[in-house]
Each structure stands twice: as structure tokens, then as C-alpha cells.
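Notes for the one structure printed next.
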Amino acid sequence: MHYISTRGQTEAMGFKQAVMTGLAPDGGLLIPETIPSVSTQKLKAWESKSFIELAKEILSLYIDDIPPVQLKQLVDEAYAAFDIPEVIAMTSVEELQVLELFHGPTLAFKDIALQFLGRLFQHILEVEKGHLNILAATSGDTGSAAIAGVSGLSNIDIFVMYPKGKISNLQELQMTAAPAENVHCLAVQGSFDDCQNIMKSLFGDIGFKERYHLGAVNSVNWARILAQIVYYAFASLKFNGSNPPSFVIPTGNFGNIFAGIIAKKMGFPIDKLILATNENDILARFFNSGRYSRGQVHYTLSPAMDIQVASNFERFLYYAMGSDSERLCRFMENFAKEGTATMDSYETGTILATSITNNETRTAMRAVYKNNGYVADPHTAVGLSAAGRFSVIGQKICLSTAHPAKFPETVDSVLGENLVSHERLNKLKGLESRSITVNADQDLIAKYIVDNCRA
Ligand SMILES: *Cc1c(COP(=O)(O)O)cnc(C)c1O
């Protein structure tokens with residue numbers, strides 16, 4: 001399988017190189033040259049597979065430059081780190097199925113991809129005897145999940161930028177409490193979008209990127225999307241009744257939902273994908289109007305989705321534009337220049353989109369708690385609230401993206417004190433925290449990397 005760039009100016013490369021490259025040198029995102037389609041027979045045969053077995057099947061369709069035995073071992077090791085052997089869990093809440101993706105080491109869905117990606121990096125570096133400097137921007141959960149995937153490794157340094165004061169205390173502590181020597185946390189005075197911009201522009205400086213072997217763990221990295229396809233596939237096969245199921249996805253950077261789009265393209269039985277944003281509604285506005293236009297960032301109860309410019313949206317646009325890189329480049333250029341761009345003649349088709357306010361988030365949290373005794377984290381609640389707005393014919397499956405104990409301030413104030421906790425989070429309290437505060441300045445951050453990376 002070869003990987004190409006959405007912008008069409010990068011030579012095709014194999015999977016391992018795509019993983020190490022992160023963002024394509026032409027500024028685009030890497031995607032597989034073709035999307036493998038799965039036959040009806042195979043779908044039938046896969047219905048009874050466990051999550052881990054299905055992961056091995058799906059990953060091997062996209063990865064042909066790692067020997068199968070080793071690939072399977074990487075998958076086994078990644079998911080052995082989870083709290084439950086099934087990796088993911090399902091709960092019914094009234095007529096909805098809630099798919100809990102947060103049973104990994106840092107209690108957010110990001111672990112599903114990042115436990116695998118961390119091991120993948122390690123495997124590739126061992127073979128190539130290299131050193132990697134991971135540069136990440138986080139809206140709260142990617143940072144800790146990426147750190148959990150690579151902490152303590154001698155051939156990787158990880159630099160994580162997060163918006164200072166804009167993530168929850170526990171999210172911050174999960175990164176900064178007693179970090180290993182290879183972990184470098186930067187509290188940036190700005191928004192997540194500022195962090196993501198700095199990351200993208202340092203990746204765009206090809207000289208710098210190559211000299212310092214920059215690697216990406218954000219969902220610009222194709223391996224993130226790939227690993228996330230598995231839970232859509234798994235749940236779609238489980239709930240494929242007389243009609244295929246639909247998914248509801250709380251969305252920030254469009255990474256989670258994009259994996260669902262690929263699962264559907266592969267042939268898994270999926271009807272609609274319901275996109276739920278918080279008050280940062282740029283994506284909801286696009287899907288309802290065709291106009292993509294940047295707004296002011298709002299700080300909400302679901303901080304991991306306080307994002308204006310979603311990097312994976314470019315992958316979606318590429319396919320929506322009939323794989324026409326030139327047309328995509330014009331759209332992205334327009335957007336970069338004007339802060340707005342329009343896509344004519346677009347059929348939304350499988351994606352239904354809406355945005356949810358803070359008040360609606362609280363209402364959804366209270367309703368599922370009162371009626372079902374279920375404590376949803378505020379990101380999941382955005383999805384639960386959106387689920388009520390659309391009727392679909394098959395089973396509706398809401399993705400639950402974080403453990404509620406990660407957001408005690410919100411859960412306590414909305415539902416009452418001491419309803420949720422998690423042992424791993426309790427242990428963080430009181431540990432010494434290490435991070436540095438920096439301005440949202442690309443040159444300063446580049447210098448920090450140069451001064452602190454170990455190779
Ligand atoms: C990252 C995150 C999201 C948004 O996922 P995207 O892939 O950015 O759309 C939603 N909920 C939680 C808890 C997250 O950490």
C-alpha cells in the first residue's frame with residue numbers, strides 16, 4: 001500500500017515512511033492511494049471477531065511493510081495496556097448504544113490509536129537505529145495519551161504544546177506530573193489553534209523537520225486514523241440489524257469522525273455519521289451551508305473540542321472534491337488568505353451535523369444521569385445531546401470519548417460531588433509538576449526543541 005498527499009505534490013511512500021513523515025512535505029495530509037474494500041463474505045466472517053482480532057485484520061490491509069507476525073505483536077502489546085481485555089465497552093442508555101472508548105491508560109479515546117502508534121515508532125526506530133523528536137499540539141487528551149505511548153524511551157523525545165489554562169487540571173497533570181526525562185511539556189500562551197499552527201509550520205520548514213527528525217502524533221498522522229477505523233468496524237458489525245447503524249461523534253479536529261468515513265468507504269455497514277460540535281461550530285456550519293469560515297474560539301465545557309480549524313477536514317475535502325488536489329489547494333489557499341472558503345455543489349449525504357451549547361451539554365449530562373444513572377463526560381454529552389436531534393432507521397451508537405473522572409470540575413458542578421473517580425487520576429494529585437510557559441512564538445519553540453532534544 002502506498003500513501004499519497006492530499007495536495008498532490010509529494011512522491012508516494014510506504015506505510016512506515018508515512019508514519020514517520022506525519023505531515024506531507026507539500027503541507028497536505030497523507031492518505032492511502034486506494035481504500036481497500038471488504039467483501040460481504042469477509043464482513044460475515046468478521047462478525048464474530050474480537051476487537052483485537054479485527055484490529056489485526058484491518059491494519060494488515062493498510063500495512064504491508066511490517067512482517068505480519070510483528071504487526072500482530074504490536075497490536076497485542078498496545079491493547080494489553082487497557083483496563084479491560086475487550087478494549088472497548090458498550091452500554092445501553094435508553095434507545096442509544098454508548099460505545100466507551102476510554103478504557104486505556106489515560107482514559108480518553110486517543111489511547112486506542114496512540115498506544116499502537118507509540119509501539120509502531122519504537123519498532124521502526126529499532127530497525128532503523130534512529131532518533132525521533134515528536135512535536136505535538138494538544139487540546140488536552142492527545143498530549144497525555146502520546147506521552148503514555150512513548151514515556152521513558154531512549155530513542156524518542158516528545159515535545160507537547162498545550163494552551164495554558166485552557167485544559168482541565170487533571171489533563172495537565174496527566175502530562176506534567178513527574179514526567180520521564182524524554183517528556184517536555186510547553187504551556188503556550190494562546191489557543192489550541194495557535195499550538196496546531198506552530199506545529200504545522202515547523203513541519204512545513206522542511207530543513208528543520210529533517211535536521212531534527214520531527215514526528216507527529218496528532219491526527220495528521222495516518223496511523224491515528226487507521227487505528228480508529230477498528231471500533232467503527234467492530235460496532236457496525238455488532239449492531240447491523242435489518243438496517244445498518246449510525247454513529248454520533250463528538251468532534252474537534254475531525255479525526256475521530258474521519259475514521260468512520262473511511263470505515264464506511266471500506267464497506268462496513270454504516271448509515272449516517274452524526275457530527276456533534278460544541279460552540280466551536282465551524283464544521284457544523286460547513287455541513288449545513290457549504291461555507292467554511294473561521295470564527296473566534298470559545299472556551300467550553302468540552303475543552304478537547306475547543307478547535308476552530310480541524311486539520312483532518314482536509315482529508316475529507318479531498319474525497320468530497322473527487323480526489324482533485326488542485327481544487328483542494330485552491331480551497332485551502334482561499335481559506336488561509338480570507339479565513340473563509342466555499343464549496344459549491346456539495347451533497348452532505350452521510351454526514352449530519354449540529355452544534356451543542358454549554359447549557360445543552362449540562363442538560364444532556366443531567367438527563368442520562370437522572371434517567372439511567374449514567375455519568376457521561378462533557379464531550380460524550382455533546383454527542384448525546386446531538387443524538388436527540390436526528391432520527392435514523394438503524395441503531396444509533398454514540399461514541400464516548402473520555403472517562404468522566406477526567407473532568408471532575410464539570411461533573412461535580414453539574415451532577416453533584418464525588419460521583420466519579422479513577423485510581424490512576426487520584427495518584428497524580430500532589431506529584432511534582434514540570435512544564436515551561438512560552439509565548440505562542442514559533443522561533444522560541446523551535447529553539448526550545450533544539451536546546452532540549454537529546455540527539
Ligand atoms: C480529542 C477529543 C475529541 C475530539 O476528537 P477529534 O478527533 O479531534 O474530532 C472528543 N472528545 C475527547 C474527550 C477528546 O479527547
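Indexing begins at 1, ligand by ligand and atom by atom, following the structure's order. Keep in mind that the numbers below use all heavy atoms, side chains included, and drop hydrogens, waters and symmetry copies.
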Which atom pairs, one a donor and one an acceptor, fall under 3.5 Å between side chains of residues 308-321 and the rest of the protein, sequence neighbours left out?
from: Gln308; atom 1: OE1; to: Gly295; atom 2: N; distance (Å): 2.9
from: Gln308; atom 1: NE2; to: Asn280; atom 2: OD1; distance (Å): 3.1
from: Gln308; atom 1: NE2; to: Gln296; atom 2: O; distance (Å): 3.1
from: Ser311; atom 1: OG; to: Asn253; atom 2: OD1; distance (Å): 3.4
from: Asn312; atom 1: OD1; to: Arg315; atom 2: NH1; distance (Å): 2.6
from: Asn312; atom 1: ND2; to: Ser219; atom 2: O; distance (Å): 3.3
from: Asn312; atom 1: ND2; to: Ser219; atom 2: OG; distance (Å): 2.8
from: Glu314; atom 1: OE1; to: Arg7; atom 2: NH2; distance (Å): 2.8
from: Glu314; atom 1: OE2; to: Thr6; atom 2: OG1; distance (Å): 2.7
from: Glu314; atom 1: OE2; to: Arg7; atom 2: NE; distance (Å): 2.8
from: Arg315; atom 1: NE; to: Leu30; atom 2: O; distance (Å): 3.0
from: Arg315; atom 1: NH1; to: Ser219; atom 2: O; distance (Å): 2.9
from: Arg315; atom 1: NH2; to: Leu30; atom 2: O; distance (Å): 2.9
from: Arg315; atom 1: NH2; to: Val220; atom 2: O; distance (Å): 2.7

- Task: Could you please spell out the steps behind the ring pair (Phe, Tyr, Trp, His ring centres under 6.0 Å) verdict for Tyr79 and Phe82?
- Result: CA-CA 6 Å; Tyr79 298 119; Phe82 279 57; 5.5 Å; yes
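- Within 4.0 Å of ligand 1, protein heavy atoms come from Phe109, Lys110, Asp141, Pro250, Thr251, Gly252, Asn253, Phe254, Gly255, Asn256, Ala304, Met305, His379, Thr401, Ala402.
- Taking a cutoff of 4.0 Å between a charged side-chain nitrogen and a carboxylate oxygen, Arg389 and Glu360 qualify as a salt bridge.
- By the 6.0 Å and 45° rule, Lys272 does not stack over the aromatic ring of Phe247.
- Among Gln174, Lys406, His379, Lys110, the single residue meeting the side-chain hydrogen bond (donor to acceptor under 3.5 Å, both in side chains) criterion with Asp141 is Lys406.
- Judged by the 6.0 Å and 45° rule, Arg294 forms a cation-pi pair with Phe335.
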